[in-house]
There are 2 protein chains.
Amino acid sequence: MANSSTSLPHTDLRIRRTRRLLTQALVDMTAERPLETITIRMLTDRAQVGYATFYRHYASIEDLLRGIVDDLYINLAELLPSLAGAQPERAATLVFHQVREHPGHYRLLLHADRSLGLLDKVVEMGTQALLAAYEARPDSRVPLDVTVDHCIRSFLNLIAWWLSHDMPYAPERMGQIFLDLVLHPMEAMALRPRISLD
Amino acid sequence: MANSSTSLPHTDLRIRRTRRLLTQALVDMTAERPLETITIRMLTDRAQVGYATFYRHYASIEDLLRGIVDDLYINLAELLPSLAGAQPERAATLVFHQVREHPGHYRLLLHADRSLGLLDKVVEMGTQALLAAYEARPDSRVPLDVTVDHCIRSFLNLIAWWLSHDMPYAPERMGQIFLDLVLHPMEAMALRPRISLD
DNA sequence: ATCTTATGATACTCTATAAATCATAAAGTT
DNA sequence: AACTTTATGATTTATAGAGTATCATAAGAT
């Protein structure tokens with residue numbers, strides 16, 4: 001108990017209700033104030049559940065956060081191979097669509113403290129996807145690892161900028177911006193697509 | 001009292017000694033463990049000063065952090081105009097040299113929590129410098145504000161990557177990488193230098 | 001209808017923050 | 001060198017929040 005990684009589909013309505021309420025409370029509150037200032041008591045008050053109940057599901061606020069963001073990993077894991085693969089134009093746009101559908105959750109991911117390593121996991125996933133689709137140009141002045149890190153973090157930066165400015169452009173436009181500012185320059189300078197064997 | 005913004009050059013040796021010890025202790029400890037896990041007691045023990053003494057100089061660890069990073073702003077403020085100006089090649093390299101001379105301090109700046117707004121201040125400084133030197137291309141598909149944010153945060157990301165990988169390349173090489181991956185693509189896609197009037 | 005268990009309320013321990021006090025020592029001043 | 005000022009160290013106190021334990025109840029599962 002008190003472990004969100006026990007994520008087998010729980011049947012008990014009470015459990016699902018409590019977790020849903022606490023999740024929603026955290027998403028709501030992080031839109032209003034910094035994460036570090038949020039106490040367990042605030043969360044349980046907002047979610048209308050008992051204080052001790054929190055600890056029956058999560059070991060800490062960070063644990064709750066982890067559980068929430070884990071859901072995003074699943075979505076991203078499906079998109080990233082195509083993002084780095086044959087049609088990056090479409091895939092980048094798809095991610096921005098995902099963000100627009102769950103802005104609170106992505107805000108959580110992007111604003112989470114570095115020490116939780118939530119972003120690092122995304123970077124790791126993106127790295128694997130990129131390396132599967134691209135290889136270093138033999139003549140490149142830019143090392144492969146720097147380039148990959150730059151590409152993924154710039155993508156995340158674009159999402160963060162878009163969210164913090166209330167998503168002023170369409171997902172398609174943001175996808176195009178990513179291609180113009182990051183991906184195409186990267187292809188020109190450092191990486192080339194691997195030869196696909198299909 | 002208890003305010004680091006009282007940064008007029010203090011003459012009292014005891015004051016300067018205490019602040020130096022506490023500063024060094026924080027820099028040292030953040031290299032070993034996440035900032036949030038560091039307590040006042042740990043800091044004062046490491047710095048070999050009394051516990052209450054901390055509060056005679058700083059209101060909180062965040063306040064101490066702010067004081068440390070303020071010094072970096074001064075250095076950066078001198079470099080940024082030239083970074084965005086006539087010779088970005090040299091200036092980018094200069095910043096990497098600065099980082100190599102004070103890795104602990106820059107680590108502090110880059111790893112500090114978002115809620116402190118320390119990085120935001122750097123982004124703001126960089127934005128002003130960039131806008132002073134560049135203007136939007138009339139035909140650009142990429143909006144000006146996104147571009148500027150991307151440029152500056154990518155620069156900071158490069159520094160962060162370099163630090164976290166123990167600075168494997170020379171500052172000159174990192175400056176070149178910044179030009180290849182970020183600045184030149186940006187100039188090609190979105191911005192052009194303002195006409196200088198000298 | 002019965003069994004099972006998640007919940008709410010409460011009390012308690014522990015840790016860390018933050019402020020206050022006072023004798024001492026170390027700095028600055030003449 | 002003698003004097004004055006004040007920063008420091010040690011200690012105490014109050015407060016807030018994390019995290020654990022207990023028990024009667026209510027709500028869901030079967």
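In the text below, chain A, chain B and the rest are named by the order of the sequence lines, each starting its count at 1. What's counted below: heavy atoms across the whole structure, side chains too, no hydrogens, waters or symmetry copies.
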Taken to the nearest whole Å, CG/A:D45 to C1'/C:dG8 is 13 Å
Show the distances under 3.5 angstrom between N or O atoms of the protein and N or O atoms of nucleotides 19-25 of chain C.
| residue | atom | partner | partner atom | Å |
| --- | --- | --- | --- | --- |
| C:dT21 | O4 | B:R56 | NH2 | 3.4 |

*Using a distance-only test with no angle check, is there a side-chain donor-acceptor pair under 3.5 angstrom linking A:E172 and A:Q176?*
no
Query raised in the report: So, is B:T53 close to the D:dG9 phosphate, meaning a side-chain N or O under 4.0 Å from OP1 or OP2?
Result: yes
In whole angstroms, the gap separating P of D:dG17 from CD of A:E62 amounts to 15 Å
Separation of D:dG19 atom C1' from A:R41 atom CZ, nearest Å, is 12 Å
Worksheet item: Does A:R192 make a cation-pi contact with A:Y134 (under 6.0 Å, within 45 degrees of the axis)?
Response: no
A:I40 CD1 to D:dG19 P, in whole Å, measures 6 Å
For residues 103-113 of chain A, which side-chain N or O atoms pair as donor and acceptor with protein atoms under 3.5 Å away, sequence neighbours left out?
| residue | atom | partner | partner atom | Å |
| --- | --- | --- | --- | --- |
| A:H111 | ND1 | A:R107 | O | 3.3 |
| A:D113 | OD1 | A:S115 | N | 2.8 |
| A:D113 | OD1 | A:S115 | OG | 2.8 |

Among the nucleotides C:dA6, C:dT7, C:dG8, whichever has the atom closest to the side chain of A:H57 is C:dT7
### Check ion pair B:D139-B:R137 (N to O, under 4.0 angstrom)
no
task: Mind telling me whether B:F54 and B:Y58 have parallel, tilted or perpendicular rings, with 30° and 60° as the class edges?
output: tilted
Between CD1 of B:I15 and P of D:dT6 the distance, given in whole Å, is 10 Å
- prompt: In terms of side-chain geometry, is the basic nitrogen of B:D120 or B:R153 positioned less than 4.0 Å from the acidic oxygen of its partner?
  reply: yes
Rounded to whole Å, the CG-P distance (B:L43 to C:dA18) equals 13 Å
Between CD of A:Q48 and C1' of D:dA27 the distance, given in whole Å, is 17 Å
Rounded to whole Å, CZ of B:F54 lies from P of C:dT17 at a distance of 9 Å
The residue, B:I38 or B:R16, whose nearest nucleotide of DNA chain C is more 5′ is B:I38
Of D:dA7, C:dA16, D:dT8, the nucleotide closest to the side chain of B:D12 is D:dA7
Examine B:W162 together with B:F96 and report whether their ring centres are nearer than 6.0 Å.
yes
